[in-house]
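First the structure, in the form of structure tokens, and then the observations on it.
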Amino acid sequence: MIETTFNPKAVEPRWSEAWERAGAFKPSADPKAAPFCIVIPPPNVTGSLHIGHALNNTLQDVLVRFERLRGKSVLWQPGTDHAGIATQMVVERQLAQSGANEDRRTLGREEFLKRVWTWKEQSGGTILNQLRRLGASCDWSRERFTMDEGLSAAVLKVFVQLHKEGLIYKDKRLVNWDPHFETAISDLEVENKEVQGHFWHFKYPLENGETYQFPIAYDDAGAPTEWETRDYIAIATTRPETMLGDGAVAVHPSDKRYAPIVGKRVLLPLADRYIPIIADEYPDPDFGSGAVKITGAHDFNDYKVARAHDLPLYVLMDTKGRMADAAYVPAKYRGLDRFEARKQVVADIDALGLLERVENKKIMQPFGDRSNVVIEPMLTDQWYVNAGELAKPAIKAVEEGTTKIVPESWGKTYFQWMRNIEPWCVSRQLWWGHRIPAWYGPDGAVFVEESEGAAKRAAREHYGKEEPLRGDEDVLDTWFSSALWPFSTLGWPEKTPELKKFYPTSTLVTGHDILFFWVARMMMMGLHFMKQVPFREVYIHALVRDAKGQKMSKSKGNTMDPLELIDKYGADALRFTLAAMAAQGRDIKLSEQRIEGYRNFGTKLWNAARFAQMNECAVWDQYDPRSPEQTVNRWIVGETAKAAQAVTAELEARRFNEAAGALYKFVWNVYCDWYLEFIKPLLNGEDETAKLETRRTTAWVLDQILVMLHPFMPFITEELWARTGEYGQKRQGMLISESWPSLSSDLIDEDAEAEIEWMVRLIAETRSTRSELNVPPGAKIPMLLIGAGEAAEARLERYQDLIDRMARLEYSTGAESAPAGSVTFVLDGATVALPLEGVVDLPAEAARLDKDIAKLTAEIGKMDAKLSNTEFVAKAPEEVVEELRERRSDAAASVAKLAAALSQIKAAP
RNA sequence: GGGCGGUUAGCUCAGCGGUAGAGCAUCUCGUUUACACCGAGAGGGUCGGGGGUUCGAUCCCCUCACCGCCCACCA
């Protein structure tokens, strides 16, 4: 016997294990089955499952299970990402906390990496196990890691080939430098944030005490009317410490105020150097003083100006962001942290009387997305990928629709970024990651090869003799290996059968936060190395945001932990909620109540199955959905077909919320609320043929529901599949390997549909207009149909047609005598008992009727106005006018009915 | 400064040319009934403001306001 509620905790682990043991997650070997492949966005090994992962993987699993049920050969490729900075950070923190007084440097590179690997082996699998709890049906036997052997070989090959093609090169230019991790990072890893800062106005004195006339007042026409004599040029900066590295002061060539002094020199205070005043298009004459200090080595804009004017570049800081030990840095600043140096510079400028003023100002400042420290533009040697070149085919593929982005609007974002893409800095001064396969000779010549041996051979050829080589110390950006994920996980560079079968992959499911980081780069690498797009479709889902800073007041830090939610409500409830909320829009805010609601939905389904079992509705494998003769059965078969068509279409269109909603409505509002109620008389009746047909239909529909719901709620459906097989015919296999219903439209029986529609309307109307019945105060109203007195009889007459239909549906209890609290009437010779419900509060009913009448009358007035508008009647489609007329007459009839009921109530004692 | 999105019931959100929807919450009534993780009802909305197109606009167009996100070099 099925118990009254579903117990996810007991059931979920059992099925997870059974599925995996049966190999249900492996692609089917059927050569005729069409391939369907999704590569998982590899979570960081350091990660633990958050609600965003839960959403992302639920959607993937829905698609994967859906396509598997549709008979495709499905591969969902799992794995994890080594996450360079994040992982190194975790292990370094662990070292710091261990109290052993060790850090990365004291351990040395080799030993440190050993520790990281140990950590990875111990903890790296956590998140994949958490995904298993969610029910993710990845082919776990194919789990990959971005730093495992095969994927590392792919990275080597890609790097070397791109280098040979000139698409990877080493360059000295300004790069975003993270002084905390002491590494370069890419543009994407920089977050610009607005912070409260200052704008310091300095005076740089002209050489030899020279002066010029500077306009300080203008007339209406913009001509200067007043001048003052100046012996300095005013500049402003948000970063005073960089002034030590200034190479010039720039003004706009059209700026007349400074025209007299362009080409002259100013004294750079503190540094005691003279720097030129140059003319360049870059300064905006209307901003600040119109003059800009040019610090080529510490600002991206200034760098361009400095290069254009061939200005010297002064690198002011070391890798930790401390003032460098360099000849051009005055001794007193050397070794100071950049923020300390800033204070000191300002104080010293002030002491010289050269600080004009200080302004408070909101400024945009770059922060490292991991370290959260201020990023420093630094002049260093780094490896770059020529992204501009690789982007071209990647742009074209989306333009031409070879890869489709869903929802389409994200295409714009993709194009905008791809069309303005900058060289991608791929080297990182870290230890954890793929080491850059470059070796340097004594003269600095570089040899990029897949192994040290190959590099040595190349060097021998180059030098004509054996020379010692020094390997590159740096590692690659984590996203470099992630960019290869769709083909490296399938075995590339080997020519594996999986690669042949599953590349290009079918769909990529991801959040928009990694559109640039990952999706764009997979497109570039996939097209370059495979000559084909990595995936046919990119589905971009919303981000789940924690309601931090939002109205949900009571919260402190209300991030929702999916594992806790699974413990509390079950994986199915969480999955269904996420899918139901995954409308193709923006962000999702999740409420726990919603999950509770969908947990209840699971219970509802569970109890429908319980009902089926109690009524011996056993599965019959010979069941033909065309066979039923009873109206309700013909009707529900049609409804099932409609539901199946809707769910299929919505899933194909990736409207997960619509698919989930269609299932929810069908199960709860159609199958449970109406069908199971309608068949009770049949199941309790005498007609054995009808009874058997109804039982089989009930079981068949339930089966269809279980299959269709399985992608969303795999555990409860699999469990019910097994349970319902216990009392009927034995199941041949597990639900996960069943077949998706394909039910054609000709199963929809319009006559049955019409009859049921009438039934439903009858019942609804009887309920809602009960006040129309003439009943004494305090009397009870029969819920279904019948009242007492003349009005009730009039009603019976009015609904005779419908009652006939009901009779044909055998919607009668056949009770001999009515139980207490019910009324009876005779229908087609059978005595029908109906329960009595509801006490009528007459004054309240009268008030409500008054209100309804007023509302309807107003509406009728509006409709009359419209119908008498000749323009409307002339222009509107005929059916619209006709509909309005009908509506008007319906409303008028309603008013009459209501008025009659009102008068009856008023007449009552 | 560009670009994108949002503003719909008390809350969280769907819908997006043809009589305003869901879940939760609220109120009323109901458990010998598959399910109280339930059932039957009810209340609750000038679909952010203002213009326009249309026979008809929550939906399309323009504009304003507020909120959010992404990109960007204003020192």
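We name chains A, B, ... by the order of the sequence lines, and we start the count at 1 in each one. For the numbers below, each heavy atom of this structure counts, side chains included, while hydrogens, waters and symmetry mates do not.
Here B/rA75 presents its C1' atom at 12 Å from OH of A/Tyr258, a figure rounded to the nearest Å. Straight-line distance from the CZ atom of A/Phe516 to the C1' atom of B/rC71: 7 Å, rounded to whole Å. Separating the CH2 atom of A/Trp674 from the P atom of B/rC35 is a distance of 20 Å, rounded to the nearest angstrom. Nucleotide B/rG6 holds its C1' atom 12 Å from the NE2 atom of A/His512, rounded to whole Å. The distance from atom CH2 of A/Trp606 to atom C1' of B/rA34 is 13 Å, rounded to the nearest whole Å. Residue A/Ile277 contributes atom CD1, which lies 21 Å from atom P of B/rA75 at whole-angstrom precision. Taking atom CD of residue A/Glu191 and atom P of nucleotide B/rC69, one finds them 11 Å apart after rounding to whole Å. Between the C1' atom of B/rA72 and the CG atom of A/Asp299 lies a distance of 14 Å, rounded to the nearest Å.
Both A/Lys412 and A/Asn607 lie close to RNA chain B; mapped to their nearest nucleotides by heavy-atom distance, the more 5′-ward contact belongs to A/Lys412. Map A/Lys362 and A/Thr4 each onto its nearest nucleotide of RNA chain B; the residue landing nearer the 5' end is A/Thr4.
Across all their heavy atoms, A/Pro283 and A/Gly290 have their closest contact at CB-O, 3.7 Å. Across A/Ala291 and A/Val251, no two heavy atoms sit closer than the pair CB-CG1, 3.8 Å. Pairing each heavy atom of A/Leu188 with each of A/Phe517, the nearest pair is O-CZ, 3.2 Å.
Judged by distance alone, with hydrogens and angles left aside, A/Lys604 brings a side-chain donor or acceptor within reach of the base of B/rC35, the pair sitting under 3.5 Å. The base of B/rC37 sits with one of its N or O atoms less than 3.5 Å from a complementary donor or acceptor on the side chain of A/Arg599.
Nucleic acid contact class of A/Phe287 (heavy atoms, under 4.0 Å, all strands): base. A/Asn657 comes within contact range of the sugar-phosphate backbone alone, with a heavy-atom separation under 4.0 Å but no base atom that close. Looking at heavy-atom distances under 4.0 Å, A/Tyr664 makes contact with sugar-phosphate atoms alone, never a base. At the heavy-atom level, A/Trp200 lies nowhere under 4.0 Å from the strands shown. Contact annotation for A/Gly570: no contact, since no heavy-atom pair falls under 4.0 Å across all strands. When heavy atoms are screened at a 4.0 angstrom cut-off, A/Glu596 is found touching no nucleic acid atom at all. Heavy atoms of A/Lys304 sit nowhere under 4.0 angstrom from any nucleic acid atom.
The pairing partner recorded for B/rG30 is B/rC38, the criterion being a Watson-Crick or G-U wobble arrangement whose two distances lie under 3.5 angstrom. Summarising the base pairing, B/rG1 is matched to B/rC71 through a Watson-Crick or G-U wobble pair whose two defining distances lie under 3.5 Å. Across all strands shown, B/rC24 forms a Watson-Crick or G-U wobble pair with B/rG10, both key distances being under 3.5 Å. Using the Watson-Crick or G-U wobble rule with both distances under 3.5 Å, B/rU46 pairs with nothing in any strand shown.
The P atoms of B/rG41 and B/rC47 are separated by 28 Å, rounded to the nearest whole Å. B/rU7 and B/rG49 are spaced 12 Å apart, taking the P atom of each and rounding to whole Å. Using atom C1' as the reference point in both B/rA34 and B/rG39, the two lie 12 Å apart (nearest Å). If you take atom C1' in B/rA20 and the same atom in B/rC59, they sit 12 Å apart, rounded to whole Å. Taking atom P on both B/rU58 and B/rU53, the two are 15 Å apart, rounded to the nearest angstrom. Here, B/rG45 and B/rA14 have their C1' atoms 15 Å apart, quoted to the whole Å. A distance of about 35 Å separates the C1' atoms of B/rA40 and B/rG17, rounded to the whole Å. For the P atoms, the distance linking B/rG23 with B/rG1 amounts to 44 Å, nearest Å.
Side-chain contact between A/Phe656 and A/Leu578 is absent, with no heavy atoms from C-beta onward closer than 4.5 Å. Using a 4.5 Å heavy-atom cutoff, the side chains of A/Glu616 and A/Lys691 are not in contact.
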*salt bridge (Lys or Arg N to Asp or Glu O under 4.0 Å) between A/Glu650 and A/Arg655: does it pass, once the steps are laid out?*
CA-CA 5 Å; A/Glu650 300 296 7; A/Arg655 285 189 292 260; 2.6 Å; yes
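Under the 3.5 Å distance criterion, with hydrogens and angles disregarded, a donor-acceptor pair is assigned to the side chains of A/Glu189 and A/Ser186. Between A/Asn360 and A/His198, the side chains place a donor N or O and an acceptor N or O closer than 3.5 Å (distance only, hydrogens not considered).
When the nucleotides B/rA40, B/rA75, B/rA14 are ranked by their closest atom to the side chain of A/Glu658, B/rA14 comes out on top. In the set B/rU12, B/rC73, B/rC35, the nucleotide with an atom closest to the side chain of A/Arg610 is B/rC35. For A/Leu676, the side-chain atoms get nearest to B/rA34 when compared with the rest of B/rC37, B/rA34, B/rA75. In this structure, the nucleotide among B/rC74, B/rC37, B/rA72 sitting nearest to the side chain of A/Asp284 is B/rC74. When the nucleotides B/rC38, B/rG23, B/rA34 are ranked by their closest atom to the side chain of A/Asn600, B/rC38 comes out on top.
Other residues, nucleotides and ligands contribute only 12 or fewer heavy atoms inside 6.0 Å of the NZ atom of A/Lys665. Surrounding CZ of A/Arg307 are at most 12 heavy atoms belonging to other residues, nucleotides or ligands under 6.0 Å away.
Qualifying ring pair (Phe, Tyr, Trp, His ring centres under 6.0 Å) partners for A/Phe202, counting only residues two or more places apart in sequence or in other chains: none.
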Write out a two-atom table: protein N or O, nucleotide N or O from nucleotides 8-10 of chain B, distance below 3.5 Å.
none

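An OP1 or OP2 oxygen of B/rC71 is reached within less than 4.0 angstrom by no side-chain nitrogen or oxygen of A/Asn420. Contact check, A/Trp668 against B/rG39: a side-chain N or O comes under 4.0 Å of OP1 or OP2.
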